[in-house]
Amino acid sequence: MTYTGKVTVGGTPAVHELTDLIVTKVAVGPMSNNAYVLRCRHTDEQVMIDAANDAATLVEVVGEAGLAAVVTTHRHGDHWQALGEVVAATGARTLAGAEDAEAIGVPIDAVVTEGDEIPVGRSRLRVIHLVGHTPGSIALLYDDPEGMPHLFTGDSLFPGGVGKTWSHDDFVSLIDDVERKVFDVLPDETWFYPGHGDDSTLGAERPHLAEWRQRGW
């Protein structure tokens, strides 16, 4: 089945089959958060991005292969409500952006910042620090050597705009970071996976950057 990135709470997870990784996307919780499980085809090691809610569903997606780590994209509670239960069930390590880690209600084993790499078996996720939605928000880039880049953006980038901000300065910080660290360096075919809702590509969103900046959100 062709991967579209469309998932619903209580529905079937969507599976994106890449050469070296398998990405499973599932929607959970009252705010329809996206959680992602990345599995290395070579080692079966798995990493979760945002243990947002509904620990039973997330643990079911993890399955018998186990879970090496959970990366939380930012401090907002809807993105880590199931983190404690998932860690208790799997023994996974916890990682988060350095500026947000202390605000997450579950102990964080390791903090990450710009340029750090997180292993998923033989593959690597590179941390991109995007300031604005929260001080320590991170995106995670998998630069697939056999295909297009894949970017997990948390709540910093969605189809149709950057994430919510609470001041003009925060908005300017976020759109500047997203433009400079994402759109200026990654190609149009880059597929991105947000913290809520549908996926998109940078090429689909790039023509609207000036519009987003002008409207201020």
- Going through the checks in order, is the salt bridge (Lys or Arg N to Asp or Glu O under 4.0 Å) test met by Arg41 and Glu17? CA-CA 10 Å; Arg41 288 185 180 273; Glu17 301 262 1; 2.3 Å; yes

- Item | Audit row: Arg124, Asp143, salt bridge (Lys or Arg N to Asp or Glu O under 4.0 Å) steps and yes/no | CA-CA 8 Å; Arg124 295 290 184 271; Asp143 196 359; over 6 Å; no

- Check against side chain to side chain contact (heavy atoms under 4.5 Å, CB included), Leu58 and Val26: CA-CA 8 Å; Leu58 299 183; Val26 60; 3.8 Å; yes

- Task: Under the side chain to side chain contact (heavy atoms under 4.5 Å, CB included) rule, what do Asp20 and Tyr142 come out as? Steps first, then yes or no, please.
- Result: CA-CA 11 Å; Asp20 295 318; Tyr142 171 56; 3.7 Å; yes

- Assess whether side chain to side chain contact (heavy atoms under 4.5 Å, CB included) is satisfied between Glu99 and His129, documenting all intermediate values. CA-CA 10 Å; Glu99 292 81 1; His129 184 201; 3.5 Å; yes

- Query: Going through the checks in order, is the salt bridge (Lys or Arg N to Asp or Glu O under 4.0 Å) test met by Asp188 and Arg206?
  - Reply: CA-CA 8 Å; Asp188 282 350; Arg206 192 184 300 276; 2.5 Å; yes

- Message: For Glu211 and His208: C-alpha separation, side-chain torsions, deciding distance, then whether side-chain hydrogen bond (donor to acceptor under 3.5 Å, both in side chains) applies.
- Response: CA-CA 5 Å; Glu211 170 194 339; His208 306 290; 3.3 Å; yes

- Starting from the C-alpha separation in whole Å, work towards a yes-or-no answer on side chain to side chain contact (heavy atoms under 4.5 Å, CB included) for Phe183 and Leu209. CA-CA 9 Å; Phe183 284 94; Leu209 281 167; 3.7 Å; yes

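A perpendicular orientation is assigned to the rings of Phe152 and Tyr36, their planes being inclined by more than 60° (bins at 30° and 60°). Ring geometry for His74 against His76 counts as perpendicular: the plane angle is over 60°, on a 0 to 90° scale with 30° as the lower cut.
Across all their heavy atoms, Glu117 and Pro119 have their closest contact at O-CD, 4.0 Å. Between Ser200 and Pro159, the shortest heavy-atom distance links the atoms CB-CG, 3.7 Å. For Ser32 against Ala27, the heavy-atom pair with the smallest separation is OG-CB, 4.0 Å. Scanning all heavy atoms of the two residues, the minimum distance from Ala55 to Glu85 falls at CB-CB, 3.5 Å. Here the closest non-hydrogen pair linking Tyr3 and Ala14 is CE1-CB, 3.5 Å. The two residues Asp155 and His79 have their closest heavy-atom pair at OD2-NE2, 2.9 Å.
Under the 4.5 Å side-chain heavy-atom criterion for ILVMFWY residues, a single connected hydrophobic cluster contains both Met48 and Val106. Under the 4.5 Å side-chain heavy-atom criterion for grouping Ile, Leu, Val, Met, Phe, Trp and Tyr, Val120 is connected to Leu18 within one hydrophobic cluster. Leu186 and Leu125 are members of different hydrophobic clusters when ILVMFWY side chains are connected at heavy-atom separations under 4.5 Å. Both Val172 and Val182 are members of a single hydrophobic cluster when ILVMFWY side chains are connected at heavy-atom separations under 4.5 Å. Linking ILVMFWY residues whenever their side-chain heavy atoms come closer than 4.5 Å, directly or via other members, leaves Trp191 and Leu130 in distinct clusters.
The shortest distance between side-chain heavy atoms of Val15 and Val23 does not fall below 4.5 Å. Looking only at side-chain heavy atoms (C-beta outward), Asp199 and His16 stay at 4.5 Å or farther from each other. A heavy-atom distance below 4.5 Å is not found between the side chains of Ile128 and Leu140. Val86 is not listed as a side-chain neighbour of Leu83, based on a closest heavy-atom distance of 4.5 Å or more. Side-chain contact between Val47 and Val70 is absent, with no heavy-atom pair separated by less than 4.5 Å. Contact check for Val162 versus Ile175: side-chain heavy atoms found under the 4.5 Å cut-off. For the pair Val71/Ile118, a side-chain contact is recorded, criterion being any heavy-atom separation below 4.5 Å from C-beta on.
Between His133 and Trp166, the ring centre distance stays below 6.0 Å.
Taken to the nearest 0.5 Å, the OH atom of Tyr193 stands 9.0 Å off from the NZ atom of Lys25. For the atom pair CD1 of Ile138 and CG of Asp116, the computed distance is 9.0 Å after rounding to the nearest 0.5 Å. Rounding to the nearest 0.5 Å gives a distance of 6.0 Å between CG of Leu151 and CG of Leu141. With values rounded to the nearest 0.5 angstrom, His42 atom NE2 is found 8.5 Å from Thr19 atom OG1. Atom OG in Ser123 sits 4.0 Å away from atom CG in Leu21 (nearest 0.5 Å). Note: Leu174 CG to Leu157 CG = 8.5 Å, rounded to the nearest 0.5 Å.
Put simply, the side chain of Gln46 gets close to the backbone of Gly66: a donor and an acceptor are under 3.5 Å apart. Side-chain atoms of Asp176 never come within 3.5 Å of backbone atoms of Ser173 as a donor-acceptor pair (strictly under, hydrogens ignored). One N or O on the side chain of Asp144 and one on the backbone of Glu146 form a donor-acceptor pair closer than 3.5 Å. When atom types are taken as modelled, the side chain of Thr94 and the backbone of Pro107 share a donor-acceptor pair closer than 3.5 angstrom. Between the side chain of Asp109 and the main chain of Leu95, no donor-acceptor pair closer than 3.5 Å is present. Asp177 places a side-chain N or O within donor-acceptor distance of the main-chain N or O of Val131, the cut-off being under 3.5 Å. Checking side-chain atoms of Thr43 against main-chain N and O of Glu45 turns up a donor-acceptor pair under 3.5 Å. With Asp50 contributing its side chain and Thr73 its backbone, the two residues share a donor-acceptor pair below 3.5 Å. With hydrogens and angles ignored, the 3.5 Å screen pairs no side-chain donor or acceptor of Thr153 with any backbone N or O of Ser156. Looking at Thr165, its side chain never comes within 3.5 Å of a backbone N or O of Gly132 through a donor-acceptor pair.
No salt bridge links Arg75 with Glu102; every basic N to acidic carboxylate O contact stays at or beyond 4.0 Å. We find that Lys164 and Asp170 are not joined by a salt bridge, their nearest charged nitrogen and carboxylate oxygen being 4.0 Å or further apart. Checked for salt-bridge contact, Asp198 and Lys6 meet the test: a charged N lies under 4.0 Å from a carboxylate O. Residues Asp44 and Arg39 are paired through a salt bridge, judged by an N-O separation under 4.0 Å between the basic side chain and the carboxylate. Ion pairing between a basic and an acidic side chain is recognised when a charged N comes within 4.0 Å of a carboxylate O; Lys181 and Asp184 show no such pairing.
With Trp80 as the partner, the side-chain contact (heavy atoms from CB on, under 4.5 Å) test is satisfied by one option alone out of Asp100, Ile108, Ile104: Ile104.
Atom CD of Gln214 is surrounded by 12 or fewer heavy atoms from other residues, nucleotides or ligands within 6.0 Å. Sparse packing is recorded around CE of Met31, with 12 or fewer heavy atoms of other residues, nucleotides or ligands lying under 6.0 Å away.
A donor atom on one side chain and an acceptor atom on the other are found under 3.5 Å apart for Asn33 and Asp78.
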